[in-house]
Every structure is written in structure tokens, then in C-alpha cells.
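Quantities reported herein were computed from a predicted structural model and do not represent experimental measurements. In what follows, chains are A, B, ... by sequence order, proteins preceding strands, each numbered from 1.
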There are 2 protein chains.
Amino acid sequence: MATLETTATVDIGYRSDGPGRLILDQIADKWSMTVLAFLDRPRRFNEILRHLEGVTHRVLTHTLRRLERSGLVARRVLTASPIRVEYSRTPLGESLREPFGHLYAWTVENLDDIRAHQLAYDERLRGQ
Amino acid sequence: MATLETTATVDIGYRSDGPGRLILDQIADKWSMTVLAFLDRPRRFNEILRHLEGVTHRVLTHTLRRLERSGLVARRVLTASPIRVEYSRTPLGESLREPFGHLYAWTVENLDDIRAHQLAYDERLRGQ
DNA sequence: CTGCATCCGAGCGGATACTG
DNA sequence: CAGTATCCGCTCGGATGCAG
């Protein structure tokens with residue numbers, strides 16, 4: 001099973017209702033990957049909340065729930081008063097870093113190229 | 001430069017307004033990767049339309065526009081009557097297949113695990 | 001054959017307030 | 001401190017009709 005072979009995989013297997021969707025639906029939302037990246041060690045709810053500029057209480061809750069539901073993040077209640085809750089990456093969440101890292105690296109490498117294309121495209125429109 | 005090193009990249013660099021967002025915003029929509037996967041050779045608009053079950057006229061147009069804007073897909077008008085338009089992957093679009101392939105492969109490998117977690121989670125809720 | 005405009009419903013992210 | 005509920009606006013995807 002599967003060390004990569006890859007490139008073919010994309011062409012052969014990809015459907016809008018296949019595995020590709022599952023992972024994209026999971027991580028492509030606004031905050032999931034940011035949260036996952038921050039959980040290099042167990043972190044408490046408010047700790048995460050303060051670190052992520054711009055996220056709200058409610059949205060962070062939902063993001064964590066979804067990550068927990070898929071087994072990428074573990075939730076642990078520390079009985080104390082005031083109550084504390086710790087979130088951490090599971091091994092599964094950990095293992096996602098590598099493949100996502102490839103995508104991230106690709107983007108960094110091609111960032112200028114992409115932006116240039118976008119600018120040129122927008123310029124062409126404006127010109128007409 | 002830069003064969004991966006990766007894993008660190010995710011943790012260090014990731015912000016909700018960084019490169020990660022750029023690529024996810026580009027490919028995480030419902031059809032982009034499906035289209036890109038299908039363009040193993042130049043294809044005409046209606047050819048793509050017919051191949052992708054469920055996509056509508058308008059949505060395919062927009063998907064292609066966005067891919068074109070970022071330089072992942074090239075658009076070529078064949079002057080004939082009736083008019084024909086061919087879409088094809090650019091080298092940039094081509095190069096995206098490899099990093100995306102890693103993510104795709106990861107999902108396939110962990111699909112059962114993820115689904116199991118989701119089921120268990122949903123079950124736990126139901127039980128209460 | 002392609003492309004564009006209009007309309008519409010659904011879902012996500014965000015603001016706010018209240019509870020254990 | 002952590003979580004839940006309500007409300008709301010915006011964007012995306014989809015349906016349809018018209019035009020080069």
C-alpha cells in the first residue's frame with residue numbers, strides 16, 4: 001500500500017465526491033490548518049483563542065469540534081475550577097503535516113508566479 | 001531550491017492570511033481539482049461539461065476563469081464556426097499535481113480511520 | 001458552441017448574549 | 001474558563017434565459 005506513485009492518483013481517482021473532497025472539506029475552511037499548526041503541544045481553549053487573531057469564540061469551538069470529530073485533534077477535560085480543557089494533535093493530525101507541507105511548500109515556491117498571473121489577468125480586463 | 005524539509009513549514013509559517021489560504025482558496029472549491037485532473041490533454045468546454053457529472057454551465061465557466069486567472073489553466077480560442085475553445089493545463093497547473101497527490105494519497109490511506117472516528121463521535125452524541 | 005447576466009437558496013463565518 | 005444558542009450578512013453553487 002502506497003508510498004506515493006502519486007501523480008497518477010490525481011488524474012485517475014479524482015471525483016467531486018471522492019476522498020479529495022473529504023480532506024478538502026475538512027481542512028479548507030478558514031481556521032482548521034491554523035489551529036492544527038498551533039497545536040505543537042497541548043493548548044487550552046483560551047490560549048488558542050488568543051493566539052489566533054481574528055477568530056471568534058464560537059467559530060473556534062466549531063473548528064475544534066470538527067477536527068475532534070475526524071480524529072485529528074484530541075480533547076481532554078481537566079477537572080479543576082475554573083474548568084480547563086486541553087486540545088492536542090492526535091497521531092493522525094500529526095501525520096497530516098507532511099502531505100500538507102508539500103502543498104504549502106509548492107505555494108510558497110510559486111507564489112510570485114501565481115500573483116503575477118492574477119495581476120496580468122486583472123489588468124487585461126481593466127484594459128478593455 | 002527547496003526540496004522539502006517541510007514539516008516545520010506548516011507550524012512556522014501558517015497564518016489564516018498566508019500562502020496556505022491562497023492555495024486552499026484556489027483549489028478547495030467544489031470543482032477545480034476535478035477539472036484540473038481531467039485536463040490531461042486540451043479539452044473543449046462542452047467536453048469538460050459533459051464529463052463532469054453535476055456541474056452546470058455557469059459554474060464550470062467560473063471555475064475555468066479562476067484557474068485561468070491564476071495561471072493553472074490556459075484558454076485558447078479556435079476561430080471556427082461554431083466557435084471552439086480549448087482549455088489545457090499550464091506547466092504551473094501540471095506542477096500542482098505532485099504536491100496535491102501527497103494529500104490525496106494521505107486521505108486514501110487514512111480514509112477508514114477518519115470515517116471510524118466520525119462514526120464513533122456521532123454515536124457518542126446520539127447516546128446522550 | 002461559449003459566455004454572460006440575473007435570480008435564488010444554502011451554508012459558513014462572525015457578533016452577541018447567556019449558562020455551568 | 002469553556003460551551004451553547006440566536007441572529008445575520010455574505011459568498012458560493014446552482015437554475016435559467018439571452019447573446020455573440
Side-chain angles (χ1 to χ4, degrees), chain A residues 15-17 20-22 24-35 38-39 42-70 73-88 121-122 124-126 128, chain B residues 15-17 20-22 24-35 38-39 42-70 73-88 121 124-125 128:
Chain A
R15 316 188 100 255
S16 66
D17 57 351
R21 273 266 58 79
L22 184 84
L24 287 180
D25 286 343
Q26 182 66 52
I27 71 172
D29 67 288
K30 193 166 176 184
W31 298 104
S32 288
M33 289 312 296
T34 315
V35 170
F38 184 53
L39 293 181
R43 307 270 193 181
R44 293 186 309 105
F45 184 85
N46 272 327
E47 198 179 346
I48 306 173
L49 187 62
R50 278 189 299 270
H51 179 78
L52 274 60
E53 309 262 313
V55 77
T56 62
H57 202 139
R58 177 189 182 278
V59 170
L60 180 56
T61 306
H62 279 88
T63 303
L64 287 167
R65 283 298 158 279
R66 190 167 38 211
L67 289 170
E68 187 195 357
R69 176 170 179 269
S70 299
V73 158
R75 178 176 178 274
R76 184 173 161 234
V77 180
L78 309 176
T79 45
S81 142
I83 194 174
R84 293 180 161 221
V85 180
E86 265 188 3
Y87 293 92
S88 55
Y121 184 94
D122 295 347
R124 238 171 290 143
L125 283 190
R126 207 175 286 275
Q128 284 168 4
Chain B
R15 318 188 99 254
S16 67
D17 58 350
R21 273 266 59 78
L22 184 85
L24 287 179
D25 286 344
Q26 181 66 53
I27 70 172
D29 67 287
K30 193 165 177 186
W31 298 104
S32 287
M33 288 313 295
T34 314
V35 169
F38 184 53
L39 293 181
R43 308 268 193 182
R44 292 186 311 104
F45 184 86
N46 271 330
E47 199 178 347
I48 307 173
L49 187 64
R50 277 189 300 270
H51 179 77
L52 274 60
E53 309 263 313
V55 76
T56 62
H57 202 140
R58 177 190 182 276
V59 171
L60 179 57
T61 307
H62 279 93
T63 302
L64 287 166
R65 282 301 157 278
R66 188 167 41 213
L67 289 170
E68 187 196 357
R69 176 170 179 268
S70 299
V73 157
R75 177 175 179 274
R76 183 171 162 237
V77 181
L78 308 175
T79 45
S81 138
I83 194 174
R84 292 179 161 220
V85 180
E86 265 188 3
Y87 293 92
S88 55
Y121 184 94
R124 237 172 291 144
L125 282 190
Q128 285 169 1

> How does protein reach along nucleotides 15-20 of chain D, written 5' to 3' as B (base within reach of a heavy atom under 4.0 Å), S (only sugar-phosphate), or - (no contact)?
Replying inline: BB---B
In whole Å, what is the span from the [atom1] atom of [X] to the [atom2] atom of [N]?
X     : N      : atom1 : atom2 : value
B:E53 : D:dG14 : CD    : P     : 13 Å
A:R84 : D:dA2  : CZ    : C1'   : 12 Å
B:R66 : D:dT11 : CZ    : P     : 13 Å
A:F45 : D:dG3  : CZ    : C1'   : 8 Å
A:R43 : D:dA2  : CZ    : P     : 14 Å
A:L49 : D:dC1  : CG    : P     : 10 Å
A:D29 : D:dT11 : CG    : C1'   : 15 Å

For [X], enumerate each residue passing the side-chain contact (heavy atoms from CB on, under 4.5 Å) test, keeping only those at least two apart in sequence or located in another chain.
X     : answer
B:R43 : B:F38, B:L39, B:D40, B:R41, B:E47, B:I48
A:H57 : A:F45, A:T61
A:D25 : A:R21

> How would you label the contact of B:V85 with the nucleic acid (heavy atoms, under 4.0 Å): base, sugar-phosphate, or nothing?
Replying inline: sugar-phosphate
> Partners of B:R65 by salt bridge (Lys or Arg N to Asp or Glu O under 4.0 Å), sequence neighbours excluded?
Replying inline: B:E68
> Does B:R76 have any salt bridge (Lys or Arg N to Asp or Glu O under 4.0 Å) partners at least two apart in sequence or in another chain, and if so, which?
Replying inline: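 Expected list: B:E86.
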>> Does a side-chain N or O of A:R65 approach OP1 or OP2 of D:dG3 to a distance below 4.0 Å, or not?
In response: yes
>> Any side-chain N or O of A:Y87 below 4.0 angstrom from OP1/OP2 of D:dC1?
In response: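 No.
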> Looking at residues at least two apart in the chain, or sitting in another chain, which of them share a side chain to side chain donor-acceptor pair (under 3.5 Å) with A:R75?
Replying inline: A:Y87
> Which atoms form the tightest heavy-atom contact between B:V55 and B:L60, and what is the distance?
Replying inline: CG2-N, 4.0 Å
> Could you give the distance from CG (B:L78) to CD1 (B:I83), rounded to the nearest 0.5 Å?
Replying inline: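 Output value for this atom pair is 8.5 Å.
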> Reading DNA chain C 5' to 3', which nucleotide is the first, and which the last, to come under 4.0 Å of any heavy atom in chain B?
Replying inline: C:dC1 to C:dT6
> Side chains of A:K30 and A:T63: does their closest heavy-atom pair fall under 4.5 Å?
Replying inline: no
> Any side-chain heavy atom of A:V77 sitting closer than 4.5 Å to one from A:R84?
Replying inline: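 A side-chain contact under 4.5 Å is absent here.
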>> For residues 51-60 of chain B, which residue pairs pass the salt bridge (Lys or Arg N to Asp or Glu O under 4.0 Å) check, not counting sequence neighbours?
In response: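 Matches after skipping sequence neighbours: none remain.
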> When the C1' atoms of the five terminal pairs at each end define the local axes, what inter-axis angle does the helix from C:dC1-D:dG20 to C:dG20-D:dC1 show, to 10 degrees?
Replying inline: 30°
